[in-house]
Amino acid sequence: MERKIVYSAIQASGIPSLGNYLGALKNWSKMQDNYDCIFSVADLHSLTVRREPALLKKISRNMFLLLLAMGLDPQKNIIYFQSHVHEHCTLAWILNCCTYMGELNRMTQFKDKSQKHSDNINAGLFTYPVLMAADILLYDADFVPIGADQKQHIEICRDIAQRFNKIYGDTFKLPEPIINKNGARIMNLQQPDKKMSKSETSGTIFLFDEPNEIMNKVKRAVTDSDNKIIYSQDKPGISNLLNIYCSAKNISIEQAQNFFADKNYGQFKTIVAQAIIELIDPIQKKYKELAQNKDYIDKLIKIGMEKASNIAYKKLDKVKRKVGLVKHL
Ligand code: ATP
Ligand code: MG
């Protein structure tokens, strides 16, 4: 039987956060044995926010290394930089012409990021979901493992694909999101009503944080004063830490609540921090090892580009024919 295709990407917008790992990246590693997986460093998406060029370059490469460090096998998966496969931009343009301004206007990420970067509300930020749709549709993905914040972008991707198929005939597969039960939405430790983001420094745990930094960040996490370790809407700080713990340990909320029943907040935070440190430690070790081997990484970057381009070229060719662009000789 043919294997299903998985596609996902992460922006090169900072050091990945614990939210990225528990919400999306952890799933990527789990899927590599049973699916044909394609993973990208979405460096073009990162341009929607103004960045220092040298830093972007560094962050992008670090991200590639980190994907390998967390256990993605470059033989089994296609791992590549979005900007190395120019078909993404061409397809995004074609899909832009099948997407309504009204649809894009409803995207909560656009609203959030416009508020955060009010001095640079650029067209790229607005059409971000269309480029994301192009990423996914180019590879005929069946599944897209993501955090809950990206669900709306998969919905619009499906709408665009369906519209295209209706106008031009069956071309695109409709992808399904895969969202974890635990860890789908890790919240900022300082503002537990806001999602944790790698592009924000306060309240975020980064995958490169040292153990003592992790301990301090968790100890400073905003909670409440009633000293009950239970999962509840009225206790966003405690619920977030419980969620992190469950996701790191692969246990249910009930199991965690029972385990912490006789603990106070101080003990609870120490145990949660230790669980995070244990989770991240092997990734950091592997990362340091890989960072020594530049030639090997360069080779993998090239192989990833070639494999991805091969698929993307064929798909874009089909799309161009469907919409009536003259075939180049
Ligand atoms: P940025 O702030 O630059 O948008 P980000 O932390 O949101 O960075 P992305 O690169 O946009 O990271 O997203 C990569 C993946 O991580 C996506 O699948 C996204 O849904 C997931 N993700 C992001 N933040 C969280 C979070 N707080 N909890 C769970 N998953 C998350
Ligand atoms: Mg994001």
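The shown structure was predicted, so the numbers you read here are calculated from the model rather than taken from an experiment. Every number for a ligand or one of its atoms is a count from 1 in the order of the listing.
Residue Met196 has at least one heavy-atom neighbour below 4.0 Å for each of these atoms of ligand 1: 24 (N), 25 (C), 26 (C), 27 (N). Within ligand 1, the atoms closer than 4.0 Å to a non-hydrogen atom of Ala24 are 15 (C), 16 (O), 18 (O), numbered from 1 in the order shown. Distances below 4.0 Å separate heavy atoms of Ser199 from the following atoms of ligand 1: 1 (P), 2 (O), 3 (O). Residue Ile10 approaches ligand 1 through these ligand atoms, each under 4.0 Å from one of its heavy atoms: 10 (O), 14 (C). Within ligand 1, counting atoms from 1 as listed, the ones closer than 4.0 Å to a heavy atom of Gln150 are 17 (C), 19 (C), 20 (O). Close approach to Ser197 involves these atoms of ligand 1, each under 4.0 Å from a residue heavy atom: 2 (O), 6 (O). Residue contact check: Gly23 has heavy atoms under 4.0 Å from atoms 29 (C), 30 (N) of ligand 1.
Distance alone, capped at 3.5 Å, places no donor-acceptor pair between the Asn34 side chain and the Met31 backbone.
The distance criterion of under 3.5 Å between nitrogen or oxygen atoms is met by Lys113 with respect to ligand 1. For ligand 1, the polar-atom distance check finds an N/O of Ile186 within less than 3.5 Å of one of the ligand's N/O atoms. At least one N/O-N/O distance between Gly147 and ligand 1 falls below 3.5 Å. At least one N/O-N/O distance between Ser13 and ligand 1 falls below 3.5 Å. Among the atoms of Ser17, none of the N or O lies under 3.5 angstrom from an N or O of ligand 1. On a distance-only criterion, Met187 and ligand 1 share no N/O pair closer than 3.5 Å.
Tyr21 has its side chain out of reach of Ile280: every pair of non-hydrogen atoms, C-beta onward, lies at least 4.5 Å apart.
In this structure, the protein non-hydrogen atom closest to atom 16 (O) of ligand 1 is Asn20 ND2, 3.1 Å. Scanning the protein for heavy atoms near atom 9 (P) of ligand 1, the closest one is Lys198 NZ, 3.4 Å. Closest protein heavy atom to atom 30 (N) of ligand 1: Gly19 O, 3.2 Å. With hydrogens left out, the protein atom closest to atom 29 (C) of ligand 1 is Ala184 O, 3.1 Å, a heavy atom.
Side-chain N/O atoms of Tyr100 and Asn105 include no donor and acceptor closer than 3.5 Å. Remark: the Gln82 side chain and the Asp135 side chain contain an N/O donor-acceptor pair separated by less than 3.5 Å. In this model, a donor atom of one side chain and an acceptor atom of the other lie less than 3.5 Å apart for Asn20 and Ser17. Gln150 and Gln109 share a donor-acceptor pair across their side chains, judged by distance under 3.5 Å alone.
Nearest-residue assignment for atom 7 (O) of ligand 1 (options His45, Lys195, Gln11; heavy-atom criterion): Lys195. Evaluated by nearest non-hydrogen atom to atom 19 (C) of ligand 1, the leading choice among Thr48, Ile146, Asn180, Asp149 is Asp149.
You'll find the ring centres of Tyr139 and His88 inside the 6.0 Å limit. Two rings, from Phe81 and Phe64, have their centers less than 6.0 Å apart.
Judged by the shortest distance from any of its heavy atoms, Gly183 lies inside the 4.0 Å radius around the atoms of ligand 1.
Around the NZ atom of Lys111, the shell of radius 6.0 Å holds more than 12 heavy atoms that belong to other residues, nucleotides or ligands.
Looking at Glu155 and Arg158, no side-chain N of the basic residue comes within less than 4.0 Å of a carboxylate O on the acidic one, giving no salt bridge. Looking at Lys235 and Asp226, a side-chain N of the basic residue comes within less than 4.0 Å of a carboxylate O on the acidic one, giving a salt bridge. Ionic pairing of Asp43 and Lys57 is not present here: no N-O contact between side-chain nitrogen and carboxylate oxygen is shorter than 4.0 angstrom.
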